[in-house]
Amino acid sequence: MATLPEITALLGEPEFNWSDPTPWEELGVGFPADFREIVDAYGSVLVNNQLYLNHPAPHLLHNLGKDLKLDLDLWREEDMAEYLPSPAGTNPGELIPVASATTGEAIFLRVPDGPADPWRVLVQEFDSPAWTLYEMTFGDWLLAYLKGRDVTLCSRNRAPDGPYWEFLP
């Protein structure tokens, strides 16, 4: 599993460094530790002018808690649900929408079927019924993205000088 120091080495030093677990607990979803660690470190950010990551801190304009409810409602609609291999939701086997991209992808975490099973990443392309399930943790998926590997984000030429992030306004 990718570690925060590996991601920081490519993306740069985080500045948010959130430590209060309350916003995560209020979501009522047990997100994987690597996802929480990354989002707690960086906050609500835009990576490479492409990938949106949001933190659940309630004072933020771009807030995972608000977006999660709206996104779950959207992906549960009949005409959107058909584009996913599993239902959107927070139960075992379901997909939690956690990020999006300016290039038209939605990034989901697949809730493990059991407590010993790993979390996985699914990327769905908005403009088609195509999706890809990655047998990797969120941290590994993000590290692959930052290294320019094909993880179904059209990332070519998005960061010619190397990966970077900026706080969302």
Side-chain angles (χ1 to χ4, degrees), residues 1-72 74-75 88 90 95-112 118-126 132 134-169:
M1 179 167 47
T3 63
L4 184 58
E6 290 176 288
I7 290 168
T8 299
L10 288 172
L11 193 54
E13 287 297 319
E15 295 177 12
F16 193 66
N17 301 314
W18 189 267
S19 61
D20 180 3
T22 305
W24 292 103
E25 293 165 356
E26 290 174 351
L27 291 177
V29 178
F31 285 92
D34 67 327
F35 178 77
R36 284 181 57 166
E37 181 181 33
I38 293 162
V39 175
D40 276 345
Y42 286 95
S44 292
V45 294
L46 178 61
V47 178
N48 293 350
N49 200 32
Q50 177 182 30
L51 178 65
Y52 291 99
L53 295 176
N54 293 337
H55 190 277
H59 72 279
L60 297 173
L61 176 62
H62 297 275
N63 175 303
L64 179 63
K66 293 176 199 166
D67 289 348
L68 182 61
K69 181 182 178 346
L70 294 171
D71 289 346
L72 282 172
L74 170 75
W75 288 102
T90 59
L95 301 167
I96 303 173
V98 294
S100 62
T102 59
T103 48
E105 293 92 358
I107 294 84
F108 296 82
L109 293 175
R110 186 184 180 281
V111 181
W119 288 79
R120 296 296 179 228
V121 176
L122 182 128
V123 178
Q124 196 283 331
E125 297 181 32
F126 279 132
T132 304
Y134 291 94
E135 296 291 330
M136 58 179 68
T137 65
F138 181 80
D140 288 337
W141 178 86
L142 181 61
L143 190 61
Y145 165 74
L146 295 173
K147 289 180 175 181
R149 296 193 182 129
D150 182 10
V151 286
T152 315
L153 283 172
C154 301
S155 60
R156 292 162 198 79
N157 299 322
R158 288 286 180 170
D161 297 325
Y164 66 95
W165 63 270
E166 59 188 281
F167 281 120
L168 291 173

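Along the sequence shown, residues carry numbers from 1. Because the structure is a prediction, the values reported are computed rather than measured.
Using the six-membered ring where Trp is involved, Trp165 and Phe167 have ring planes that are perpendicular, over 60° apart on the 30 and 60° scheme.
Distance CG/Leu142 to CG/Leu4: 10.0 Å, rounded to 0.5 Å. Note: Glu6 CD to Lys147 NZ = 6.5 Å, rounded to the nearest 0.5 Å. If you take CG on Leu168 and CG on Leu53, they are separated by 8.5 Å, rounding to the nearest 0.5 Å. Between the CG atom of Leu143 and the CZ atom of Arg149 there is a distance of 7.0 Å, given to the nearest 0.5 Å. The structure places CG of Leu68 at 10.5 Å from CG of Asn54, a figure rounded to the nearest 0.5 Å.
Among pairs with a residue in residues 45-59, none fulfils salt bridge (Lys or Arg N to Asp or Glu O under 4.0 Å), at least two apart in sequence or across chains. Within the structure, the salt bridge (Lys or Arg N to Asp or Glu O under 4.0 Å) test picks out no pair touching residues 17-28 (sequence neighbours left out).
Side-chain contact between Arg120 and Pro112: absent, with no pair of heavy atoms (C-beta onward) separated by less than 4.5 Å. Put simply, the side chain of Gln50 reaches to within 4.5 Å of the side chain of Tyr145, judged on heavy atoms. Using a 4.5 Å heavy-atom cutoff, the side chains of Trp119 and Asp34 are not in contact. Between Val121 and Thr132 the shortest side-chain heavy-atom distance does not fall below 4.5 Å. Under the 4.5 Å side-chain criterion, counting only non-hydrogen atoms from C-beta, Trp24 is in contact with Phe35. Looking at heavy atoms from C-beta onward, Pro118 lies out of side-chain contact with Thr137 at the 4.5 angstrom threshold. A heavy-atom distance below 4.5 Å is not found between the side chains of Ile96 and Trp75. In this structure, the side chains of Tyr164 and Asn49 come closer than 4.5 Å at one or more pairs of heavy atoms.
Of all heavy-atom pairs between Pro56 and Leu27, the closest is CB-CD1, 3.8 Å. Taking every heavy atom of both residues into account, Ile38 and Gly139 meet most closely at CD1-CA, 3.8 Å. Heavy-atom minimum distance, Asn48 versus Gly162: OD1-O, 4.4 Å. Across all non-hydrogen atoms, the minimal contact from Pro97 to Asp71 is CG-CB, 3.5 Å. Between Leu60 and Ser44, the closest heavy-atom pair is CD1-OG, 3.5 Å.
Between the side chain of Asn63 and the backbone N or O of Ala57 there is at least one donor-acceptor pair closer than 3.5 Å.
A side-chain N or O of His55 and one of Asp40 form a donor-acceptor pair less than 3.5 Å apart. Side chain to side chain, Glu105 and Ser100 fail the donor-acceptor criterion of an N or O pair below 3.5 Å. No side-chain donor from either of Glu37 and Tyr42 sits under 3.5 Å from a side-chain acceptor of the other.
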- Task: Dump the intermediate steps for side chain to side chain contact (heavy atoms under 4.5 Å, CB included) on Phe108 and Val98, then the final yes or no.
- Result: CA-CA 5 Å; Phe108 296 82; Val98 294; 5.9 Å; no
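The side-chain contact (heavy atoms from CB on, under 4.5 Å) with Phe31 is formed by just one residue from the set Val111, Leu109, Val39; it is Leu109. Test Ile107, Thr102, Val45 against Leu51 for side-chain contact (heavy atoms from CB on, under 4.5 Å) and you get one pass: Ile107.
In this view, Lys69 and Asp73 satisfy the salt bridge (Lys or Arg N to Asp or Glu O under 4.0 Å) rule, not counting sequence neighbours.
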